[in-house]
Amino acid sequence: MTAPLSTGRVLVVGASMAGLRAAEQLRAAGWTGAITLVGDEPHMPYNRPPLSKEVLAGTAPFESLAFRPRPAVADAVWLLGRRAVTARLPERTVVLDDGTALSYDGLVVATGMRPRRLTCPGPLPGRHTVRTLDDARGLREALTRPGARVVVVGAGFIGCEVAATAVALGVREVTVVDPLTLPMTGPLGPLLGRALLRRHEARGVRFALGTGVAGFTGEDRVTGVELSDGRVLAADVVVESVGSAANTEWLDGNGLDLTDGVRTDALLRAGGRPEVVAVGDVARFPNARYDGVPRRVEHWSIPGDTAKQAARTLVAHLHGTGEEPAPFAPLPTFWSDQHDFRLQSFGAPSYGADDVRVLDGTPDGDGDLVVGYHRDGLLVGVVALGGPGAASAAARHRPALLARAAVTA
């Protein structure tokens, strides 16, 4: 057994929530060496879910979003406003955009995602995404202009949250466009999709579903959205919420599987390299609680869950203990606040459920609704729609979800 390595350096590339949690968990796992974090934003890590809600609504200043790092990482070095451009994994070196080369003994990939953009013809000014604090600040300014007409492209979580916030701000017209026939039908299925459509429409959101975007009208800035079915929607503000792309280009050329994020094993090691782990929504990992299919998970709980696992894996390697943690088996959770109701999910409703049932409430109307997702006769996910009572009802199923027998990944 080799002597523990306690004077080396762990480099964390990505300085948002996942990077911060990774640094904290490295200390919790016994790492006493140096930790350096690199992040392309100028801000210290902050909470992203409020960007499409409270920040847009003007009720949450930045100070309320910033995470307070634990005292254990007070000695960590933060290189903010800097971007990794090249990794040379065989040499254990990462090169930044200013030419600085950083060596490491252990590498944590935490570079996350960026919003996809539409490639349709038309002007760019007036088109927004919501991923960073600066994105949200710019969009809020646009939404609060008198008489604004807003088109949100994409009826997923962010799109529906932005639409709900825009209505609450008193925006004159809010229309959501999506090629699918129901909002959020991908992760939640048609039963909840229909319930969400009714509730959004009842609160003033318009929908153009089953159609895509062909282009944008306007000279210097957007004045309208041309749909693939021939309609044109007047728009002063367009919000593009059409998915995410993984920030992995800096890892090209190292033999990693970067098809959709960073492919890892069940211990979050990348490419068979014990000194490289991935955390957060850039990690594509198998979940031993369900099956061996590698997936990325863009839920708020995943940065913390992956950070704990990856830190244990990396520190065990750096300390040379020869002991490996158990395979990763998190219980995914998420929530989404829209208008005056909340979506609360436990488990994995989108992991191939073959039987979707109403567990409580009714799909019609505006009352609380709890839906169960089953696979091969076993409960794999529960989603609640409504108020606090619905969320509490969903939480009662959490023990059953946790008790689901894990499979070998």
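As a basis for the values below, the full set of heavy atoms in this structure was taken, side chains included, without hydrogen atoms, waters or symmetry mates. Numbering of residues begins at 1 and proceeds along the displayed sequence.
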Stepwise side-chain contact (heavy atoms from CB on, under 4.5 Å) test for D105 and E275: CA-CA 7 Å; D105 299 288; E275 79 281 4; over 6 Å; no
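- The nearest pair of heavy atoms linking H299 to T333 is CB-O, 3.2 Å.
- Here the side chain of T93 pairs no donor or acceptor atom with the backbone of A101 at under 3.5 angstrom.
- Between the side chains of E161 and S336, a donor-acceptor pair is found at a separation under 3.5 Å.
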V109 vs W250, side-chain contact (heavy atoms from CB on, under 4.5 Å): CA-CA, chis, key distance, verdict: CA-CA 10 Å; V109 179; W250 64 283; 3.8 Å; yes
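- Closest heavy-atom contact between I158 and S52: CD1-OG, 4.1 Å.
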Test F341 against R203 for side-chain contact (heavy atoms from CB on, under 4.5 Å), laying out the working first. CA-CA 11 Å; F341 57 81; R203 290 159 176 80; 4.0 Å; yes
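- In plain terms, the two heavy atoms of L169 and L56 that are nearest each other are CD1-O, 3.5 Å.
- Side-chain contact of T259 with D257: a donor-acceptor pair under 3.5 Å is present, judged by distance alone.
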Can you list the steps and then say if D305 with R21 is a side-chain contact (heavy atoms from CB on, under 4.5 Å)? CA-CA 9 Å; D305 291 340; R21 296 293 180 247; over 6 Å; no
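- The aromatic rings of Y290 and Y351 stand perpendicular to each other, their planes meeting at an angle above 60°, with 30° marking the opposite boundary.
- Here the side chain of R149 pairs no donor or acceptor atom with the backbone of A234 at under 3.5 angstrom.
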